[in-house]
Amino acid sequence: MNDTPHLPPALATGIGSLPGTDAREAAKAATGSFEDFPHLPELPARGPGADMIGRTAGLLVELYARVEPSGWRIGDRPGRDTRRARSWLGEDLDALEEFTQGYEGLLKVQAVGPWTLAAALELKNGEAALSDPGACRDLAASLAEGLRQHLEEVRRRVPGARLVLQLDEPSLTAVLRGQVRTASGYRTHRAVDRQTVEATLRDVVGVHDGGPVVVHSCAPDVPFALLRRAGVAGISFDFSLLTERDDEVIGEAVEGGTRLFAGVVPGTDAPLSDPAGSVMSVRTLWRRLGLRPGLLPEAVTVTPACGLAGASPGYARSTYAHCVRAARSLADNPE
C-alpha cells in the first residue's frame with residue numbers, strides 16, 4: 001500500500017520476550033546487542049501480568065482482566081492482576097529509559113494484536129471474546145486507545161527514538177480458519193470473515209499515527225497478503241516454516257516495500273551454526289525469487305524465530321549476538 005509508513009533499514013532485532021526476571025539486565029541486553037534497533041523486553045517468567053496476554057490486558061482502556069484457573073477473563077473493574085501487569089510494565093519502561101539516554105533511532109515495542117487477544121481473553125461465560133462480534137469490536141477499540149497511550153508514554157521517556165509497534169498475532173491464522181477451540185475443547189469457534197479481520201487490524205495499525213507497524217507470528221501460514229492490505233510496514237515470522245508455495249506472496253511483499261523480519265535462529269536452546277549459515281536460506285530464497293541481491297539489507301531484518309522466554313539466559317545472549325553477526329554477513333555478502 002502506498003500510504004504504509006516506511007520502515008528504514010535495520011539489520012537485526014529481537015522479538016520481545018527474554019528469560020529471567022531482572023528488568024535492568026534485560027534492557028541492558030536488548031539495547032547493548034541491537035545498537036540500531038533495540039526493543040522493549042518482556043519477562044514472562046515473573047508470572048501473571050508479565051505474560052504476553054496479561055501484559056497487553058493491562059494496557060486496555062475501560063476494560064479489565066483478571067486471572068482465572070482457565071486463563072485471563074474480562075472483568076468489571078481493575079483488580080490486583082491489572083495493577084500487577086501495569087507495575088511490571090512500568091518497571092520495564094524505567095529500565096529501558098535508563099539504557100536509552102540520548103538514544104536516537106529505531107525502538108520497537110510489542111503488544112498482542114486484537115485477534116490473538118480476542119482468542120485468548122475470556123468473557124464472563126468462560127468463552128473467548130472471539131465468540132462475540134460485539135466483544136471483539138469493543139476489545140479492539142480498547143486496545144487501540146491503550147496502545148495510543150502506551151506509545152505516548154514511550155515517546156516521553158525516549159524522546160529521540162523512532163518507535164516501531166509490533167503486534168503479536170500467533171493465533172491469527174487459527175482465527176481465519178476457524179481453528180480456535182471453545183472452552184469445552186470439543187468444538188471450534190467459527191472462522192472470522194477475512195474482511196473483518198483486515199479492517200480491525202487496519203484500525204489498530206492506524207493508532208501509530210504515521211509510524212511503522214510490524215505484525216509477528218511464529219505460526220505456520222502467516223497471511224502475508226492480508227497483513228499488507230491492513231497497512232503493516234513489516235511482517236515477522238519463523239523463516240523455517242516457509243514453503244515454496246509462499247514464494248509469490250513473499251516476492252510481492254518485498255517488491256511492495258514490506259520489510260521481512262526473518263526469524264532464522266531457533267527460539268529455544270539449540271546448536272548455533274556459523275552466522276553466514278544461519279542466513280543461507282534467505283539468500284537461497286532471494287535467488288529463487290530472482291530478486292536483486294543488493295536489496296537484501298534493505299528488505300530483511302534478522303531476528304530469532306520467536307520470543308526467547310523459553311531459552312536459557314546464556315543462549316538468549318548468544319542468540320542476540322548471533323543475529324547481529326548473521327545480519328552483518330547478509331549485508332556484507334548478499335550473494
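Please read these numbers as outputs of a predicted model, since none were measured by experiment.
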Of Thr258, Leu242, Ile235, the residue whose pairing with Ile250 passes side chain to side chain contact (heavy atoms under 4.5 Å, CB included):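 The side chain to side chain contact (heavy atoms under 4.5 Å, CB included) with Ile250 is passed solely by Leu242 among Thr258, Leu242, Ile235.
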Can a salt bridge be assigned to the pair [X] and [Y] using a cut-off of 4.0 Å between side-chain N and carboxylate O?
X: Asp221; Y: Arg245; answer: yes
X: Asp209; Y: Arg155; answer: no
X: Glu152; Y: Arg148; answer: no
X: Arg157; Y: Asp94; answer: yes

Side-chain contact test, heavy atoms from C-beta onward, threshold under 4.5 Å: evaluate it for [X] versus [Y] and give yes or no.
X: Leu106; Y: Asp36; value: no
X: Phe99; Y: Pro38; value: no
X: Leu167; Y: Val232; value: no
X: Pro114; Y: Glu169; value: yes
X: Val302; Y: Leu11; value: no
X: Leu60; Y: Leu117; value: yes
X: Cys323; Y: Pro304; value: yes
X: Arg259; Y: Pro212; value: no

- request: Scan residues 16-35 for pairs that pass side chain to side chain donor-acceptor pair (under 3.5 Å), counting only residues two or more places apart or in two chains.
  value: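 Side chain to side chain donor-acceptor pair (under 3.5 Å) check on residues 16-35 returns Arg24-Glu98.
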- prompt: Does the side chain of Gln149 pick up a donor-acceptor pair with the side chain of Glu153 at under 3.5 Å?
  reply: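 No.
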query: So, Arg46 and Ser87: side-chain donor and acceptor under 3.5 Å apart, yes or no?
result: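 No.
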message: Can you tell me how the ring of Tyr320 sits relative to the ring of His39, calling it parallel under 30°, perpendicular over 60° and tilted otherwise?
response: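 It falls in the perpendicular class, over 60°.
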- prompt: When you measure from the side chain of Gln166 to the backbone N and O of Ile15, does any donor-acceptor pair fall under 3.5 Å?
  reply: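 Present.
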Main-chain N/O of Ser142 paired to Glu62 side chain as donor or acceptor, under 3.5 Å: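 Judged by distance alone, no pair lies under 3.5 Å.
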